[in-house]
There are 2 protein chains.
Amino acid sequence: MGATKTALFSKKQNELASMAKAIAHPARIAILQQLVSANTCICGDLVEELGLAQPTISQHLKELKQAGIIQGTVEGTSVCYCINPLIWNKYRALFNSFFVAVKSLDAGGCC
Amino acid sequence: MGATKTALFSKKQNELASMAKAIAHPARIAILQQLVSANTCICGDLVEELGLAQPTISQHLKELKQAGIIQGTVEGTSVCYCINPLIWNKYRALFNSFFVAVKSLDAGGCC
DNA sequence: ATACTTAATTGCAATATTACGATAAAGCAA
DNA sequence: TTGCTTTATCGTAATATTGCAATTAAGTAT
(Lines give C-alpha, C1' and ligand atoms only; values in the text may rest on other atoms or scores of the structure.)
Protein backbone atom coordinates (compact mmCIF):
# COMPACT_ATOMS: atom_id res chain seq x y z
CA MET A 1 0.00 0.00 0.00
CA GLY A 2 0.96 3.62 0.20
CA ALA A 3 -0.35 4.80 -3.13
CA THR A 4 -3.51 6.85 -3.38
CA LYS A 5 -6.51 4.78 -4.52
CA THR A 6 -7.63 7.08 -7.28
CA ALA A 7 -9.99 4.48 -8.72
CA LEU A 8 -12.33 4.92 -5.77
CA PHE A 9 -13.07 8.55 -6.52
CA SER A 10 -14.66 10.57 -9.27
CA LYS A 11 -12.69 12.29 -11.99
CA LYS A 12 -13.58 15.67 -10.56
CA GLN A 13 -12.44 14.69 -7.09
CA ASN A 14 -9.12 13.39 -8.36
CA GLU A 15 -8.68 16.47 -10.51
CA LEU A 16 -9.30 18.90 -7.68
CA ALA A 17 -7.03 16.91 -5.38
CA SER A 18 -4.17 16.93 -7.87
CA MET A 19 -4.68 20.64 -8.50
CA ALA A 20 -4.41 21.22 -4.77
CA LYS A 21 -1.30 19.07 -4.67
CA ALA A 22 0.29 21.20 -7.38
CA ILE A 23 0.19 24.24 -5.10
CA ALA A 24 0.68 22.33 -1.84
CA HIS A 25 4.26 23.46 -1.37
CA PRO A 26 5.49 26.90 -0.27
CA ALA A 27 8.19 26.96 -2.93
CA ARG A 28 5.62 26.45 -5.66
CA ILE A 29 3.39 29.11 -4.11
CA ALA A 30 6.37 31.46 -4.07
CA ILE A 31 7.24 30.70 -7.69
CA LEU A 32 3.67 31.35 -8.80
CA GLN A 33 3.52 34.60 -6.84
CA GLN A 34 6.72 35.78 -8.49
CA LEU A 35 5.38 34.97 -11.93
CA VAL A 36 2.09 36.68 -11.17
CA SER A 37 3.61 39.83 -9.70
CA ALA A 38 6.15 40.14 -12.49
CA ASN A 39 3.36 39.68 -15.02
CA THR A 40 5.99 38.81 -17.64
CA CYS A 41 8.24 35.90 -18.39
CA ILE A 42 10.94 35.35 -15.83
CA CYS A 43 14.19 33.85 -17.00
CA GLY A 44 16.15 31.96 -14.43
CA ASP A 45 16.44 34.42 -11.58
CA LEU A 46 14.00 32.32 -9.57
CA VAL A 47 16.92 30.41 -8.10
CA GLU A 48 18.36 33.54 -6.50
CA GLU A 49 15.01 34.73 -5.16
CA LEU A 50 14.09 31.54 -3.32
CA GLY A 51 16.76 29.96 -1.18
CA LEU A 52 16.69 26.55 -2.78
CA ALA A 53 19.27 24.86 -4.97
CA GLN A 54 18.93 24.99 -8.73
CA PRO A 55 17.92 21.34 -9.21
CA THR A 56 15.24 21.73 -6.57
CA ILE A 57 13.76 24.79 -8.28
CA SER A 58 13.94 23.00 -11.61
CA GLN A 59 11.98 20.13 -10.15
CA HIS A 60 9.25 22.38 -8.76
CA LEU A 61 9.04 24.16 -12.11
CA LYS A 62 8.62 20.79 -13.78
CA GLU A 63 5.71 19.91 -11.50
CA LEU A 64 4.02 23.24 -12.14
CA LYS A 65 4.53 22.74 -15.85
CA GLN A 66 3.06 19.24 -15.69
CA ALA A 67 0.09 20.67 -13.84
CA GLY A 68 -0.26 23.07 -16.77
CA ILE A 69 -0.37 26.15 -14.60
CA ILE A 70 2.87 27.58 -15.98
CA GLN A 71 4.64 27.36 -19.32
CA GLY A 72 8.26 27.81 -20.30
CA THR A 73 9.82 28.92 -23.55
CA VAL A 74 13.48 28.55 -24.40
CA GLU A 75 15.15 31.90 -24.95
CA GLY A 76 18.70 31.27 -25.97
CA THR A 77 20.61 29.77 -23.09
CA SER A 78 17.91 30.44 -20.53
CA VAL A 79 14.26 29.48 -20.18
CA CYS A 80 11.47 31.98 -19.59
CA TYR A 81 8.51 31.03 -17.45
CA CYS A 82 5.10 32.57 -17.11
CA ILE A 83 1.61 31.79 -15.92
CA ASN A 84 -0.72 29.96 -18.28
CA PRO A 85 -3.79 32.15 -17.77
CA LEU A 86 -6.23 29.60 -19.16
CA ILE A 87 -5.26 26.92 -16.68
CA TRP A 88 -4.90 29.49 -13.93
CA ASN A 89 -8.49 30.57 -14.47
CA LYS A 90 -9.59 26.96 -14.51
CA TYR A 91 -7.95 26.47 -11.13
CA ARG A 92 -9.62 29.60 -9.82
CA ALA A 93 -13.02 28.51 -11.06
CA LEU A 94 -12.80 24.97 -9.70
CA PHE A 95 -11.51 25.96 -6.28
CA ASN A 96 -14.15 28.65 -6.10
CA SER A 97 -17.00 26.33 -7.03
CA PHE A 98 -15.75 23.87 -4.44
CA PHE A 99 -15.61 26.38 -1.63
CA VAL A 100 -18.70 28.38 -2.55
CA ALA A 101 -20.97 25.52 -1.56
CA VAL A 102 -21.03 26.41 2.14
CA LYS A 103 -21.71 30.10 1.65
CA SER A 104 -25.21 29.72 3.08
CA LEU A 105 -24.45 28.41 6.53
CA ASP A 106 -22.17 31.21 7.68
CA ALA A 107 -23.60 30.77 11.13
CA GLY A 108 -22.16 28.49 13.76
CA GLY A 109 -22.19 25.13 12.08
CA CYS A 110 -24.25 22.31 13.50
CA CYS A 111 -22.11 20.75 16.22
CA MET B 1 16.97 16.06 3.37
CA GLY B 2 13.44 15.31 2.32
CA ALA B 3 11.64 17.71 4.62
CA THR B 4 10.14 20.93 3.32
CA LYS B 5 12.27 23.98 4.15
CA THR B 6 9.50 26.06 5.64
CA ALA B 7 11.93 28.59 7.10
CA LEU B 8 12.70 29.92 3.63
CA PHE B 9 9.16 31.09 3.02
CA SER B 10 6.73 33.59 4.45
CA LYS B 11 4.06 32.68 6.95
CA LYS B 12 1.37 33.29 4.34
CA GLN B 13 3.08 31.08 1.81
CA ASN B 14 3.45 28.25 4.28
CA GLU B 15 -0.13 28.68 5.41
CA LEU B 16 -1.57 28.56 1.92
CA ALA B 17 0.60 25.56 1.06
CA SER B 18 -0.55 23.62 4.11
CA MET B 19 -4.15 24.54 3.39
CA ALA B 20 -3.74 23.16 -0.10
CA LYS B 21 -2.16 20.04 1.33
CA ALA B 22 -5.17 19.50 3.57
CA ILE B 23 -7.42 19.10 0.52
CA ALA B 24 -4.78 17.50 -1.72
CA HIS B 25 -6.29 14.03 -1.52
CA PRO B 26 -9.42 12.78 -3.25
CA ALA B 27 -10.63 11.02 -0.11
CA ARG B 28 -10.51 14.28 1.84
CA ILE B 29 -12.26 16.09 -1.01
CA ALA B 30 -14.94 13.40 -0.96
CA ILE B 31 -15.34 13.64 2.81
CA LEU B 32 -15.72 17.41 2.65
CA GLN B 33 -18.23 17.17 -0.18
CA GLN B 34 -20.32 14.72 1.83
CA LEU B 35 -20.29 16.98 4.86
CA VAL B 36 -21.20 19.99 2.73
CA SER B 37 -24.01 18.31 0.82
CA ALA B 38 -25.47 16.75 3.95
CA ASN B 39 -25.31 20.13 5.66
CA THR B 40 -25.60 18.37 9.01
CA CYS B 41 -23.37 16.31 11.22
CA ILE B 42 -22.55 12.92 9.79
CA CYS B 43 -21.95 10.08 12.19
CA GLY B 44 -19.79 7.30 10.96
CA ASP B 45 -21.39 6.34 7.68
CA LEU B 46 -18.45 7.91 5.85
CA VAL B 47 -16.67 4.56 5.90
CA GLU B 48 -19.42 2.89 3.86
CA GLU B 49 -19.67 5.76 1.36
CA LEU B 50 -16.00 5.86 0.44
CA GLY B 51 -14.32 2.56 -0.30
CA LEU B 52 -11.50 2.89 2.20
CA ALA B 53 -10.89 1.00 5.41
CA GLN B 54 -12.04 2.47 8.70
CA PRO B 55 -8.55 3.33 10.02
CA THR B 56 -7.78 5.13 6.77
CA ILE B 57 -10.92 7.25 6.97
CA SER B 58 -10.18 7.98 10.61
CA GLN B 59 -6.72 9.18 9.63
CA HIS B 60 -8.07 11.50 6.93
CA LEU B 61 -10.63 12.86 9.36
CA LYS B 62 -7.83 13.55 11.81
CA GLU B 63 -5.92 15.54 9.21
CA LEU B 64 -8.99 17.57 8.31
CA LYS B 65 -9.62 18.20 11.99
CA GLN B 66 -6.02 19.31 12.51
CA ALA B 67 -6.40 21.66 9.55
CA GLY B 68 -9.41 23.05 11.39
CA ILE B 69 -11.74 22.68 8.44
CA ILE B 70 -13.98 20.13 10.16
CA GLN B 71 -14.97 19.46 13.73
CA GLY B 72 -16.22 16.35 15.48
CA THR B 73 -18.40 15.93 18.52
CA VAL B 74 -18.86 12.70 20.40
CA GLU B 75 -22.46 11.49 20.32
CA GLY B 76 -22.73 8.39 22.39
CA THR B 77 -20.82 5.60 20.74
CA SER B 78 -20.27 7.42 17.49
CA VAL B 79 -18.70 10.73 16.49
CA CYS B 80 -20.48 13.35 14.42
CA TYR B 81 -18.52 15.45 11.96
CA CYS B 82 -19.38 18.69 10.25
CA ILE B 83 -17.76 21.58 8.43
CA ASN B 84 -16.31 24.40 10.50
CA PRO B 85 -17.77 27.30 8.53
CA LEU B 86 -15.34 29.87 9.91
CA ILE B 87 -12.27 28.00 8.73
CA TRP B 88 -14.02 26.99 5.54
CA ASN B 89 -14.64 30.63 4.72
CA LYS B 90 -11.04 31.45 5.56
CA TYR B 91 -9.92 28.82 3.08
CA ARG B 92 -12.26 30.20 0.47
CA ALA B 93 -11.03 33.74 1.00
CA LEU B 94 -7.34 32.88 0.91
CA PHE B 95 -7.55 30.67 -2.15
CA ASN B 96 -9.64 33.29 -3.88
CA SER B 97 -7.25 36.13 -3.10
CA PHE B 98 -4.41 33.99 -4.34
CA PHE B 99 -6.04 33.15 -7.64
CA VAL B 100 -7.70 36.48 -8.27
CA ALA B 101 -4.36 38.15 -8.92
CA VAL B 102 -4.19 37.14 -12.58
CA LYS B 103 -7.73 38.17 -13.45
CA SER B 104 -6.46 41.03 -15.60
CA LEU B 105 -4.39 39.17 -18.14
CA ASP B 106 -7.11 36.84 -19.41
CA ALA B 107 -5.55 37.08 -22.83
CA GLY B 108 -2.86 34.74 -24.09
CA GLY B 109 -0.13 35.11 -21.54
CA CYS B 110 3.26 36.43 -22.55
CA CYS B 111 5.14 33.44 -23.95
C1' DA C 1 37.70 23.96 -31.30
C1' DT C 2 37.54 25.60 -26.02
C1' DA C 3 35.38 28.04 -22.42
C1' DC C 4 31.36 29.75 -20.29
C1' DT C 5 26.38 30.12 -18.99
C1' DT C 6 22.00 28.25 -17.94
C1' DA C 7 18.75 24.71 -17.16
C1' DA C 8 17.44 19.79 -17.06
C1' DT C 9 18.41 15.19 -15.59
C1' DT C 10 20.36 11.46 -12.77
C1' DG C 11 21.05 9.21 -8.52
C1' DC C 12 20.55 8.99 -3.91
C1' DA C 13 19.30 10.03 1.06
C1' DA C 14 15.94 11.81 4.25
C1' DT C 15 11.40 12.48 5.27
C1' DA C 16 6.30 12.33 4.48
C1' DT C 17 2.11 10.23 3.01
C1' DT C 18 -1.18 6.56 2.26
C1' DA C 19 -3.27 2.37 3.55
C1' DC C 20 -4.70 -1.23 6.52
C1' DG C 21 -4.56 -5.27 10.01
C1' DA C 22 -4.56 -5.60 14.77
C1' DT C 23 -5.63 -3.67 18.85
C1' DA C 24 -7.33 -0.46 22.22
C1' DA C 25 -10.72 2.72 24.13
C1' DA C 26 -15.30 4.24 25.17
C1' DG C 27 -20.11 4.01 25.29
C1' DC C 28 -24.47 1.16 25.25
C1' DA C 29 -27.26 -3.10 26.04
C1' DA C 30 -28.37 -7.57 27.95
C1' DT D 1 -20.33 -8.37 34.51
C1' DT D 2 -20.17 -9.82 29.26
C1' DG D 3 -20.99 -8.71 24.69
C1' DC D 4 -21.66 -5.45 20.96
C1' DT D 5 -20.86 -1.18 18.34
C1' DT D 6 -18.11 2.55 16.94
C1' DT D 7 -14.02 5.14 16.55
C1' DA D 8 -9.09 6.05 17.55
C1' DT D 9 -4.47 4.53 17.81
C1' DC D 10 -0.45 1.53 17.01
C1' DG D 11 2.62 -0.68 14.04
C1' DT D 12 4.18 -1.57 9.71
C1' DA D 13 4.66 -1.82 4.59
C1' DA D 14 4.41 0.48 0.19
C1' DT D 15 4.77 4.52 -2.17
C1' DA D 16 5.58 9.57 -2.80
C1' DT D 17 7.88 13.84 -1.98
C1' DT D 18 11.67 16.92 -1.04
C1' DG D 19 16.31 18.31 -1.58
C1' DC D 20 20.78 18.50 -3.49
C1' DA D 21 25.57 17.05 -5.40
C1' DA D 22 27.12 15.56 -9.62
C1' DT D 23 26.48 15.39 -14.22
C1' DT D 24 24.55 16.22 -18.65
C1' DA D 25 22.64 18.93 -22.40
C1' DA D 26 22.24 22.94 -25.14
C1' DG D 27 23.14 27.37 -26.23
C1' DT D 28 26.53 31.44 -26.60
C1' DA D 29 30.70 33.22 -26.85
C1' DT D 30 35.81 33.80 -27.93
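Mapped onto DNA chain C by nearest heavy atom, A:Lys5 and B:Thr4 fall at different nucleotides, with B:Thr4 at the one closer to the 5' end.
For residues 42-67 of chain B, proximity to DNA chain C is found at B:Leu52, B:Ala53, B:Pro55, B:Thr56, B:Gln59, B:His60, B:Glu63, defined as any non-hydrogen atom under 4.0 angstrom from a strand atom. Within residues 15-32 of chain B, no residue has a heavy atom under 4.0 Å from DNA chain D.
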Between the protein and nucleotides 25-30 of chain C, list every N/O to N/O distance that falls short of 3.5 Å.
none

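Between B:Leu64 and B:Leu32 the shortest side-chain heavy-atom distance falls below 4.5 Å. With contacts defined as side-chain heavy-atom distances shorter than 4.5 Å, the pair A:Val36/B:Phe98 does not qualify. The closest side-chain heavy-atom distance from B:Ile29 to A:Phe9 is not below 4.5 Å. Contact annotation: the side chain of B:Asn96 never approaches that of A:Phe99 to less than 4.5 Å [non-hydrogen atoms, C-beta and beyond].
The list of salt bridge (charged side-chain N to carboxylate O under 4.0 Å, His left out) pairs with a residue in residues 70-85 of chain A, not counting sequence neighbours, is empty. Among pairs with a residue in residues 50-60 of chain A, those fulfilling side-chain hydrogen bond (donor to acceptor under 3.5 Å, both in side chains) read A:Arg28-A:His60, at least two apart in sequence or across chains. The side-chain hydrogen bond (donor to acceptor under 3.5 Å, both in side chains) analysis of residues 29-38 of chain B, with sequence neighbours excluded, yields the pairs A:Gln13-B:Gln33.
A donor-acceptor pair under 3.5 Å is absent between the side-chain atoms of A:Asn84 and the main chain of A:Ile70, judged by distance alone.
Distance check, rounded to the nearest 0.5 Å: CD of B:Gln71 to CD1 of B:Ile87 gives 9.0 Å.
Remark: B:Tyr81 is in phosphate contact with D:dA8, judged by side-chain N or O atoms under 4.0 Å from OP1 or OP2.
For the side chain to side chain contact (heavy atoms under 4.5 Å, CB included) with A:Tyr91, the lone residue among A:Ile69, A:Leu16, A:Leu86 that qualifies is A:Ile69.
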